[in-house]
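Everything on this sheet refers to the single structure shown next.
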Number of protein chains: 2
Amino acid sequence: MITDLFLRGRGRERMSVTDIQALEDSVEDVRTLGPRQLLVERGREVQNSTLLLEGLMCRYMDDREGHRQIVAFHVPGDFVDLHGFTMKRLDHDIGTLTPVRYGVVPHARLTTVTESWPRLTRLLWFSTLLDAAMHREWIFRLGRLGAEGRVAHMFCELHARMAMIERVTDGSFTLPVTQVDIAEACGLTSVHVNRVLRSLRERNALTFKGGVARILDLKVLETLSEFDPLYLYGSDVELGAG
Amino acid sequence: MITDLFLRGRGRERMSVTDIQALEDSVEDVRTLGPRQLLVERGREVQNSTLLLEGLMCRYMDDREGHRQIVAFHVPGDFVDLHGFTMKRLDHDIGTLTPVRYGVVPHARLTTVTESWPRLTRLLWFSTLLDAAMHREWIFRLGRLGAEGRVAHMFCELHARMAMIERVTDGSFTLPVTQVDIAEACGLTSVHVNRVLRSLRERNALTFKGGVARILDLKVLETLSEFDPLYLYGSDVELGAG
DNA sequence: CGTAACGTTGAAACCTGTCAAGTACGGTGG
DNA sequence: CCACCGTACTTGACAGGTTTCAACGTTACG
């Protein structure tokens with residue numbers, strides 16, 4: 001099914017058969033888009049939301065000089081701009097990092113969901129709050145950690161999220177981003193990200209080359225970044241809104 | 001009414017009389033709490049959500065050494081931990097800055113709301129997404145701005161939010177926080193916050209003394225911090241989810 | 001009027017940014 | 001197959017912003 005990865009590893013099992021069907025029916029169309037493309041522009045009115053099926057996307061804001069701050073990464077199964085449903089206009093841009101395949105979910109159908117499927121509604125709501133929880137952790141990361149901690153934290157999070165959707169093999173996962181992207185996410189310069197990656201490599205904690213991340217020592221990364229996956233609300237943690 | 005400030009200045013007018021009544025009825029009790037108290041502890045299971053009626057609260061996370069990162073401020077009218085409704089456990093602590101008065105909203109009543117009042121449900125959802133939008137702006141602030149920009153940004157945001165609930169007189173508003181609090185919100189040391197505040201004062205942009213902020217030149221603050229209030233989704237901006 | 005919390009200031013250390021140059025790699029066209 | 005090109009990555013030296021450490025001033029309050 002199209003929506004198979006939605007909330008995978010995050011309490012998807014709370015969805016009933018009818019919930020799953022209602023969600024599946026809310027997808028009007030499946031489309032593709034190339035890498036490094038703008039999908040939704042800040043301030044533009046949106047009528048649909050986007051369920052990412054394959055590829056990597058990100059949300060970002062540019063400063064006055066055009067320097068980008070990435071505020072979120074999105075992996076398959078993520079409802080990238082579900083918040084557009086209740087907000088109508090977004091306060092940031094959404095773009096692709098890699099080629100993507102995504103489902104188009106018209107807001108009209110979501111309105112119907114909220115009127116007929118209260119539990120599914122709460123789960124959709126929950127999924128937008130996961131984003132907020134990740135935002136908070138990024139605030140912590142930027143506010144309290146040094147460069148190494150920030151980068152390590154980013155890899156810890158992506159490793160955990162990739163694991164939930166079964167994209168991690170042997171501690172390795174595909175992450176087709178550049179060092180510039182990492183810098184833009186971590187509030188650093190690409191030059192410094194380069195130095196940090198070298199340092200992490202020399203600690204035998206992580207390698208990142210050719211768009212492939214290999215976790216060598218998760219414990220070291222977690223210690224460096226004070227990472228605690230609680231905020232990802234994985235299924236191993238007891239959840240609410242059932 | 002108890003819930004008068006909820007979504008004030010943020011599209012409250014979209015609430016119908018019955019929505020307002022349903023929300024009002026969801027408040028089980030009104031309580032008070034002293035300053036600098038913990039209201040909800042990270043990881044603890046929650047059964048109620050908190051509608052702040054009077055006073056200031058904040059959400060924060062501590063690092064390994066006990067250094068606090070404030071991830072959100074809350075002013076009257078804010079549903080401080082509505083996300084607890086669908087998340088059940090919170091990933092951060094919630095505490096008071098000043099003495100507060102707040103409404104207790106049992107999750108059971110919220111479940112009923114989601115089953116009977118789809119539009120109110122969407123508005124509650126929307127209110128949690130406002131927090132997420134503010135989180136994103138804080139990420140931007142920490143990732144892309146220097147110390148002056150961060151502090152200026154914080155004051156711009158609080159000024160705008162206080163204005164929405166009519167707590168600004170003549171460019172001044174009460175903000176009973178210390179320089180340490182500001183530092184913990186902006187990812188700086190209190191020593192440096194002190195220097196920044198002096199600098200902003202010398203620019204004739206802002207004074208902050210004795211828990212009172214006075215905006216002298218909003219334009220300067222907005223320029224310094226690249227502040228754009230779009231993300232606050234004020235009523236002057238067209239909104240969705242009607 | 002003493003005390004504790006908060007605020008203020010200076011000097012030095014440290015981390016990250018900036019600038020500049022050079023390397024590695026993959027794709028394209030001859 | 002190789003020369004060429006652009007993009008991404010790498011490294012070094014130096015500049016600059018923020019932290020750290022330490023001391024002192026100020027204010028509120030019992």
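Each chain gets a letter, A, B and so on, in the order its sequence line appears, and its residues count up from 1.
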What's the CD-P distance between B:Glu184 and C:dG7, to the nearest Å? 12 Å
Separation of C:dG17 C1' from A:His67 NE2 (nearest whole Å): 11 Å
Value in whole Å for how far the P atom of D:dA8 lies from CG of A:Leu175: 15 Å
Under a plain distance cut-off of 3.5 Å, with no hydrogens placed, do A:Thr128 and A:Asp131 share a side-chain donor-acceptor pair? no
Any luck finding a side-chain donor-acceptor pair between A:His92 and B:Arg136 under 3.5 Å? yes
Using 30° and 60° as the class boundaries, would you call the ring planes of B:Phe227 and B:His153 parallel, tilted or perpendicular? perpendicular
Find the distance A:Asp181:CG to D:dT7:P and express it as a whole number of Å. 15 Å
Among the nucleotides C:dG10, C:dC6, D:dG12, which one has an atom lying closest to any side-chain atom of A:Val191? D:dG12
CG of B:Leu145 versus C1' of D:dT18: gap in Å, rounded? 15 Å
Mind checking A:Arg195 for me? I need base, sugar-phosphate or nothing, with any heavy atom below 4.0 Å counting as a touch. base
Quick one: which of C:dG17, D:dT11, D:dT18 gets closest to the side chain of B:Leu188? D:dT18
Output yes when a side-chain donor or acceptor of A:Asp217 lies under 3.5 Å from a complementary backbone atom of A:Val220, and no otherwise. yes
Round to the nearest Å and state the distance from A:Leu200 atom CG to D:dC9 atom C1'. 16 Å
Whole angstrom value for the distance that separates P of C:dC25 from CG of A:Asn194: 14 Å
Using a 4.0 Å heavy-atom cut-off, does A:Gly146 contact any base of the nucleic acid, only the sugar-phosphate backbone, or nothing at all? sugar-phosphate
Sorted by position of nearest nucleotide on DNA chain C, 5' first, the leading residue of B:Ser190 and A:Val193 is B:Ser190
Distance under 6.0 Å and angle within 45° of ring axis: B:Arg10 vs B:Tyr233: no
Touch check for B:Gly187, heavy atoms < 4.0 angstrom, all strands: base, sugar-phosphate only, or nothing? sugar-phosphate
I need the CZ-P distance between A:Arg201 and D:dC9, as an integer number of Å. 12 Å
Ignoring backbone atoms, test whether B:Gln179 places a side-chain nitrogen or oxygen under 4.0 Å from the OP1 or OP2 oxygen of C:dT8. yes
